[in-house]
J.: 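Please find one structure pasted underneath; my questions will follow.
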Amino acid sequence: MPELPEVETTRSGIEPHILHRTISVVTVRDPRLRWPVPPGLSGHLEGCEVRSVKRRGKYILLDCGRGHLILHLGMSGSLRLVAEGTSAAAHDHVDIQFDHGVVLRLRDPRRFGAVLWTEEPPVQHPLLRDLGPEPLGGGFGPDYLYKRSRGRRGGVKPFIMDGHVVVGVGNIYANEALFIAGIRPDRAAGRISRARYAALVAAIRDVLAQAIEKGGTTLRDFVNDAGKPGYFSQQLQVYGRGGEPCTRCGAVLAETRLGQRSTVFCRHCQR
DNA sequence: CCCAAGACCTGGCGGC
DNA sequence: TGCCGCCAGGTCTTGG
């Protein structure tokens, strides 16, 4: 999936095109996403004006007045804006057409994404209710991570990738942030000092904010709303560089698996 | 509660 | 060229 910067880039990219616009037709070509697309989705959405386009973690939230649309892009999902009448390609599962001739189109080859409807405030939805703080917002900081980590014996990388601890830190940026902070990904989360968590928090914020600023990293599937790939991946220091030299010390970067996720780090620079 | 592993999918790549 | 195993940006669910 898109990581948080890609989701935010998507959100900010679609917002000006659909905010205060009215949904005219909803087409579900394949409802088999992570959870089935609700059968009544068209009825809920058609005739609604989009009142806001927000994000919580990696969920994109459309306020439709009588309810909220919750979107998640999974591993391979993307949202694009196309002109009404543009033919759908493979994996274009859901279209949300607006009355000004624009279609918001969800493509998701692996179908790990989600399209859900809720009539409650979306943050009360079971999937969002227990999420940790936003990494770029208040409520996330060295003290918070330090306290949350006490007693935890698992590696710090799986710890910061747990959305119930902090949202939006995916595999790419977890690797990058730990490199920048000089912390080994497999170090027990509960045995890291407050000072080192301060460095980690700064690194997480830095790497995410920079990626958002650059419009999101692209590795494979992500395409922004203009249909052009992002270009941030060449700036990655460790992710995808196992076996290559560390940009700081030149040592060969180690590659291993942690929590079943590919993990790259420098044995010399990260302790 | 914490943690590791399994589950859900398709497509692209390297190796034989 | 074809087939096969492995890998991929997430995260919910299950079992110990």
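Throughout, protein chains are lettered first and strands after them, A, B, ... in sequence-line order, and every chain is numbered starting at 1. Only a predicted model underlies this, so the values are computations on that prediction, with no experimental measurement involved.
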J.: Which whole number of Å gives the distance between the P atom of dA5(B) and that of dC7(C)?
T.: 15 Å
J.: Do Y144(A) and R148(A) pair up side chain to side chain, a donor and an acceptor below 3.5 Å, judged on atom types alone?
T.: yes
J.: I'd like to check, for F112(A), whether its ring lies over the base of dT11(C) with centroids under 5.5 Å apart and a plane angle smaller than 30°.
T.: no
J.: Output one line per pair: protein atom, nucleotide atom from nucleotides 1-3 of chain B, and distance, for all N/O pairs under 3.5 Å.
T.:
from, atom 1, to, atom 2, distance (Å)
dC3(B), OP1, R153(A), N, 2.6
dC3(B), OP1, G154(A), N, 2.9
dC3(B), OP2, R152(A), NE, 2.6
dC3(B), OP2, R152(A), NH2, 2.8

J.: Is it true that the NZ or CZ of R34(A) lies under 6.0 Å from the centre of F112(A)'s six-membered ring and within 45 degrees of the ring axis?
T.: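 Verdict for F112(A): no cation-pi partner in R34(A).
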J.: Taking only N and O in the side chain of R257(A), is any of them less than 4.0 Å away from OP1 or OP2 of dC6(C)?
T.: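 The answer is no; no side-chain N or O of R257(A) sits under 4.0 Å from OP1 or OP2.
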J.: Got a donor-acceptor pair under 3.5 Å from the side chain of R111(A) to the base of dC9(B)?
T.: no
J.: Under 3.5 Å, sequence neighbours excluded: what are the donor-acceptor pairs made by side chains of residues 82-94 of chain A?
T.:
from, atom 1, to, atom 2, distance (Å)
E84(A), OE2, Q97(A), NE2, 3.4
T86(A), OG1, A83(A), N, 3.4
T86(A), OG1, A83(A), O, 2.6
D92(A), OD1, R107(A), NE, 2.6
D92(A), OD1, R107(A), NH2, 3.3
D92(A), OD2, A89(A), N, 2.7
D92(A), OD2, R107(A), NH2, 3.3
H93(A), NE2, H91(A), O, 3.4
H93(A), NE2, D108(A), O, 2.9

J.: Which base, if any, makes a Watson-Crick or G-U wobble pair with dG9(C), both distances under 3.5 Å?
T.: none
J.: M75(A) CE to dC12(C) P: how many Å, rounded?
T.: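 My rounded result for the distance is 14 Å.
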J.: What side-chain donor-acceptor pairs closer than 3.5 Å can you find for residues 244-252 of chain A, not counting sequence neighbours?
T.:
from, atom 1, to, atom 2, distance (Å)
E244(A), OE1, R241(A), NE, 3.2
T247(A), OG1, Q237(A), OE1, 2.9

J.: Any donor-acceptor pair under 3.5 Å joining the side chain of R34(A) to the base of dT11(C)?
T.: yes
